[in-house]
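Beneath this line is the structure, given in structure tokens, with notes to follow.
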Amino acid sequence: ELKDNTIIIVLGASGDLAKKKTLPALFGLYRQKFLPRDVKIVGYARTKMDRDEFHKRATSYIKNHDDDPEVATAIQEFKDLSTYVSGSYEDGAAFDELNRHLEEIEARYQSKECNRIFYFALPPSVFVPVAKNLKEHCYISKGGVNRVIIEKPFGKDLDSARDLLSSLKQYWSEDETFRIDHYLGKEMVKNLLVLRFANVAMGAAWDKNSISNVQITFKEPFGTEGRGGYFDEFGIIRDVLQNHLLQVLSILTMERPVSFSAEDIRDEKVKVLRCIPPIERSDTLLGQYVAANGKPGYLDDDTVPPNSVCPTYAATTLWIHNPRWEGVPFILKAGKALNEAKVEVRIQFKDVTQGIFKDIARNELVIRIQPSEAVYLKLNAKTPGLYTRAIPTEMDLTYKRRFTESRIPEAYEALILDALKGDHSNFVRHDELDVAWKIFTPILHWIDGLNGQRPRPVNYPYGSRGPKELEAFITKYGYKRSGEA
Ligand code: BG6
């Protein structure tokens, strides 16, 4: 249930994440009337800003509001319910100040029971001091709930993630903590559960007997310009594979949860992840983009150390040792500065047994997460006419054509709403994070040069499909390119 008398406090309100994701999502929810009636929003950051300046920033991303009176009114109301406080992240006295501001707001509420939702739009270096200060200075102990919403990076490997989690746990319980992986808020990722478990036809073919290989692909058409310094510390595996793509994999491969409850779902995800051994070097392909098509290479960014061998592209193959999936390769691949923006799951089925049809295209089920959400199944059908010839074609469920009336929500809208309701299903549990790091830590330590020389990624041109070695890599795991359907 949604709580009235709720204040959402956005920490790091002047930063990039708040501007691009958190504040727009809050406004989106407000406008669609999903926020509690009495909600108030408080921005907090180091930057000194007056309320007007904050309002200007908080709503500057909203497009087309000039000619839409409904939007203009919503913006005005949104401004009226939000305020801004500036202060340090380390200083307890600053948090006392924030607390006073929150108490003033709460004094105006009718009922005594108030809720505080703290959203960390913060750099990881201040996660722990802020968690501590909030607990010590801004925690309400009588009635109502306190929650924190926090997002990666959660450490850099298994040990540092465990350290971070145990530091945070001193102040905030698992129940109060909502760890975002924003891929879990995406419509098509949520759809996986329905596609799999609400369809007998899907369920029947969902195993090693029918499936040859699976690819989960993330492609972005832009490089790391502007955030190269940050990216270089992490690399593409920590940025995308270890979290977003592994989350997709776990929902795709878990057994059916006993119920829709958060713990039942997350139990199954953890169980399947525990069947995956750490990734082998031989199952890995690393790349880095170089200048091409008038675009700069990764190393041309001044904030990137010269000669960095940080991968901006990675393909890795994971194996699940359980009866359902033994022997099926799951290829996770992600890259920056590629030829297109696309995130998809591609499940390639096995060949039909030899006999009446030869050299016929394999079935493929594609779940396109973005852009243009879609599910399509490549299959063979008889060419219409007075002879029998099979041609590859497809059954196509493209969302914007089929569901013309529906708006697909933003991932952050869905997740913030869940956190307000106290529903943990689409948030990352501590043991899920732990097992994710177990799978990736050895390969990351190798890439970081912790046990020898750092491996050198192969080059690929900005704007290309990725390293030229990719084709051989996926073929090695049994992927067969079929005729274009
Ligand atoms: C973030 C990564 O977690 O996800 C970014 O840090 C990446 O590098 C982004 O661009 C992708 O998110 P989306 O929603 O645009 O697919």
Side-chain angles (χ1 to χ4, degrees), residues 12 15-25 28 61 119-125 127 149-156 161 178-192 216-249 251 286-289 295 298 301 303-304 308 310-314 332-345 367-374 399 408-416 426-428 432-433 436-437 440 444 462-463 466:
D16 221 38
L17 178 65
K19 181 172 172 201
K20 289 199 182 125
K21 302 290 184 189
T22 321
L23 294 168
Y61 52 83
Y119 192 111
F120 283 37
L122 293 167
S125 55
F127 281 179
I149 306 177
I150 185 166
E151 187 166 356
K152 80 169 164 69
F154 299 115
K156 294 188 73 180
F178 291 76
R179 288 181 208 94
I180 286 196
D181 182 312
H182 78 286
Y183 267 59
L184 293 176
K186 290 189 188 269
E187 187 69 16
M188 295 309 276
V189 176
K190 295 168 111 177
N191 194 12
L192 288 173
I216 304 177
T217 306
F218 169 103
K219 297 172 83 179
E220 266 181 356
F222 45 84
T224 58
E225 300 95 315
R227 64 194 279 259
Y230 166 86
F231 186 87
D232 201 81
E233 253 193 71
F234 291 90
I236 193 74
I237 293 184
R238 290 185 182 92
D239 197 43
V240 174
L241 275 83
Q242 181 267 353
N243 32 67
H244 305 327
L245 301 193
L246 194 67
Q247 282 293 343
V248 173
L249 174 80
I251 303 176
L286 303 173
Q288 189 185 78
Y289 64 91
K295 295 290 179 66
Y298 179 67
D301 184 337
T303 61
V304 168
S308 164
C310 173
T312 59
Y313 185 97
L332 308 188
K333 50 198 195 5
K336 300 267 177 191
L338 297 175
N339 60 330
E340 61 182 341
K342 189 158 77 183
V343 180
E344 67 169 32
V345 175
I367 298 152
R368 190 162 63 224
I369 295 171
Q370 64 193 39
S372 183
E373 292 79 355
Y399 270 49
I408 295 190
E410 286 295 323
Y412 282 87
E413 291 177 358
L415 293 175
I416 292 174
N426 291 312
F427 293 88
V428 184
E432 213 175 332
L433 196 59
W437 278 119
F440 281 94
L444 286 166
Y462 198 126

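Along the sequence shown, residues carry numbers from 1. Remember, it's 1-based here, ligands and their atoms both numbered in the order they're listed. Side chains included, hydrogens not; waters and symmetry mates left out as well; all remaining heavy atoms used.
- Nearest non-hydrogen protein atom to atom 16 (O) of ligand 1 is Tyr183 OH, 2.4 Å.
- In plain terms, the two heavy atoms of Ala334 and Leu245 that are nearest each other are CB-CD1, 4.1 Å.
- Taking each heavy atom of Pro153 and Phe234 in turn, the nearest pair found is CB-CE2, 3.6 Å.
- In this structure, the side chains of Ile150 and Phe127 come closer than 4.5 Å at one or more pairs of heavy atoms.
- Nearest non-hydrogen protein atom to atom 12 (O) of ligand 1 is His182 NE2, 3.1 Å.
- Contact between Leu415 and His182 at its shortest, heavy atoms only, is CD1-CA, 3.6 Å.
- Close contacts of ligand 1 with Lys152, meaning ligand atoms under 4.0 Å from a residue heavy atom, involve 1 (C), 2 (C), 3 (O), 6 (O).
- Of all protein heavy atoms, the one lying nearest to atom 15 (O) of ligand 1 is Gln370 NE2, 4.0 Å.
- In this structure, the protein non-hydrogen atom closest to atom 5 (C) of ligand 1 is Asp239 OD2, 3.5 Å.
- The side-chain tip of Lys152 does not point at the ring of Phe154 from less than 6.0 angstrom away and within 45° of straight on.
- Every atom of ligand 1 with a heavy atom of Arg227 under 4.0 Å away is listed here by number and element: 5 (C), 6 (O), 8 (O).
- Taking the ring centre of Tyr313 as origin, the terminal cationic atom of Lys336 falls outside the region bounded by 6.0 Å and 45° from the ring axis.
- Near Lys336, with a cut-off below 4.0 Å to any heavy atom, the atoms of ligand 1 are 5 (C), 7 (C), 8 (O), 10 (O).
- The ligand atoms of ligand 1 that sit less than 4.0 angstrom from a heavy atom of Lys186 are 13 (P), 14 (O), 16 (O).
- Scanning the protein heavy atoms around atom 1 (C) of ligand 1, the nearest turns out to be His244 NE2, 3.6 Å.
- The closest donor-acceptor contact from the side chain of Thr312 to the backbone of Tyr289 lies under 3.5 Å.
- Protein heavy atom at the shortest distance from atom 9 (C) of ligand 1 is Glu220 OE2, 4.0 Å.
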